[in-house]
Number of protein chains: 2
Amino acid sequence: MAYGKRRASGQVSGDEIVVEAAWLYYHDGLNQNEIADRLRVSRATVVNYLQEARENNYIRVTMAPDVFIGHKLSHQLREKFGLKAVFIVPNGLGGVQSHLTRAARGAAEWLPDLIVPGDKLGVAWGQTIYEMAELLVSSGKVTIPDVEVAQLVGSMATPYGFTAEICSAHLAQGLGAACVNLHAPAIVTNADLAQQLREEPIIKKQLAALGQCNKAVFAAGSVCANSHVVMSGIASEDDLKTYVENGACGVLCGRFVNKEGKPVSGPLDERMIGVELNKLTDLEMGLLVSVGEDKAQAMCAVMNGGYATHLVTDADTAQIILDL
Amino acid sequence: MAYGKRRASGQVSGDEIVVEAAWLYYHDGLNQNEIADRLRVSRATVVNYLQEARENNYIRVTMAPDVFIGHKLSHQLREKFGLKAVFIVPNGLGGVQSHLTRAARGAAEWLPDLIVPGDKLGVAWGQTIYEMAELLVSSGKVTIPDVEVAQLVGSMATPYGFTAEICSAHLAQGLGAACVNLHAPAIVTNADLAQQLREEPIIKKQLAALGQCNKAVFAAGSVCANSHVVMSGIASEDDLKTYVENGACGVLCGRFVNKEGKPVSGPLDERMIGVELNKLTDLEMGLLVSVGEDKAQAMCAVMNGGYATHLVTDADTAQIILDL
DNA sequence: TTTGTAATTTGACAAATGTTGACATCATCT
DNA sequence: AGATGATGTCAACATTTGTCAAATTACAAA
């Protein structure tokens, strides 16, 4: 029109009008027509502004976690396993994959509420943990001062891309926290080497840091042949069989546990580098994030073992666990 | 249809389906038809569920404060007064009242980010502060552990309903914090009585608590005849005139300050009960929330005095202040 | 100055969402 | 059994929001 004042021209941050539109829309509850009038642009432009605002994460929609914690299944699970709090995400119709993503999303929303400044948070690995970390990084950055994230198990060669160090690094980034990585493989070929590594000053220090964690996030692993422990090369199928014969029915931080959550010993124990299960029993908070029928047994085991104080899962899995 | 499973029947919390609908809509981005299909209800019902979810505050939309802090005016104000951060809310067309509400909203969203566990937060009084507190209480409850809120000035008889103790009490509630009220009037008829009151053990203790505050929230008061200091009976018009003659051009926590923000002495000083200005100069954070042309001078004074480190105002007022 | 290009805006149209009122169903109370 | 109230359904309509191709503008290269 009259004097051409395009958005980019001369502004320090050309987004002021976008912000204004977003404010009017989301806060003041005006509709797009009203906003268009005030801003003297067409309504279509307002649509664009709002999209831009959403893309730039100027707007955050979150759901009150209390709602999920209050869920009926939540009560029952809390009761059954003596947990402090349980977060149930509703399960749509998609496959397990989509359930997993939703649980991750739930966990990503909940976690910041569970962490306070000064905490040291141990992090395991797995797809769920990885997705959770990703979501924390991307969607609006939380920052809690003075938090340290520590990698609970050594690294491994997963074909999926969510190794232990990536999980911990991303989570640290997502929380704006410092990160202590564990610069060692999760498993080596013989116990001697493992022991030597554990004594290496750098690694020894990192392992010591794990003992200082007061909180932790982990997933439960199943003991099927196609489980992640096997796929990532931590255990061979034979190893797995041995452990299962000894009563293993779940995996936590690379370690096998039986129905009661007690550690099951086997050929790999001495060759692994990572946190030991007894460090995980008296945490202020142990957040278990897992989904899927195949994980149900393992989750039970982990909860029976007293490692978890908090749980995120979906309604389906919750029901299965309660029926076990 | 087949087997009647009405929402209210036997559920612990009848809202599960509402939550599910909300989740699918806001998180998974499905549209109402898809949700209706999945949930096996009509679309109309989905509309109802979503409304219910919004009414129950299951959904929170917030705007990233960074955006406002990055505003051009914000830069300039930060520069001019040496502030740490400035939050500018865009100004719609409504009257001053609506600007005030928006600033309050902005402050309500920002404040939780500025408070960390262990803080002791002093709170002044005024309409803006009151509205901010209200918003914090209503819209989704923030809880920051181990925070203490203290009432900075004694109570007064305002005709508007936002007395100092209501402001602090509500704000404490909104933050999930403990509250230290000041059980004394803001002003008494003579200096002796004031002194006696200050020596009363209970009040002495409360006043001492004010000295412990590391952060504070306050508004700037103008020195017009219709300002809140006068309307609330703290100062008579004559008192006001005296102070203005002595150079006062703003009010902070009931105390008068000149252009540079230095305290202006006058007839009321000894009769007031509340924090003294010198306690407010070395705060970790002093959040000034004010809006309106009439407040501009006072705001300048307060910022010049170094009481404020953070500011929330609207674009109009910001511009006026910069032009002064 | 002209021309090309990418960003921005816009209007017309399509899709999604909200509203209303009439009605059906079920649980509960009388 | 009948009345009542809460909840869900349906269908038509009004309102709001999203999409897309075409037009406009700023800016830089020719």
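Numbers restart at 1 for each chain; the letters A, B, ... are given by sequence-line order, proteins then strands.
Under the rule for a salt bridge (charged side-chain N to carboxylate O under 4.0 Å, His left out), the partners of Arg105(A) that lie at least two apart in sequence or sit in another chain are Asp28(B). Under the ring pair (Phe, Tyr, Trp, His ring centres under 6.0 Å) criterion, Phe218(B) pairs with no residue, sequence neighbours left out. Ala296(A) meets the side-chain contact (heavy atoms from CB on, under 4.5 Å) test with Ile320(A), Ile321(A), Leu324(A); sequence neighbours excluded. Residues meeting the side-chain hydrogen bond (donor to acceptor under 3.5 Å, both in side chains) test with Tyr25(A), sequence neighbours left out: none. Partners of His27(A) by ring pair (Phe, Tyr, Trp, His ring centres under 6.0 Å), not counting sequence neighbours, listed by chain and number: Trp23(A).
OP1 or OP2 of dG8(D) has not a single side-chain nitrogen or oxygen of Ser42(B) nearer than 4.0 Å.
Taking atom CD1 of residue Ile35(B) and atom C1' of nucleotide dG18(C), one finds them 14 Å apart after rounding to whole Å.
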Taking N or O atoms only and anything under 3.5 Å, show me the protein contacts with nucleotides 17-21 of chain D, one pair per line.
from: dT17(D); atom 1: OP1; to: Tyr25(A); atom 2: OH; distance (Å): 2.8
from: dT17(D); atom 1: OP2; to: Gln32(A); atom 2: N; distance (Å): 3.0
from: dT17(D); atom 1: O4; to: Arg43(A); atom 2: NH2; distance (Å): 3.4
from: dG18(D); atom 1: OP2; to: Gln32(A); atom 2: NE2; distance (Å): 2.8
from: dG18(D); atom 1: N7; to: Arg43(A); atom 2: NH2; distance (Å): 3.4
from: dG18(D); atom 1: O6; to: Arg43(A); atom 2: NH2; distance (Å): 2.6
from: dT19(D); atom 1: OP2; to: Gln51(A); atom 2: NE2; distance (Å): 2.9

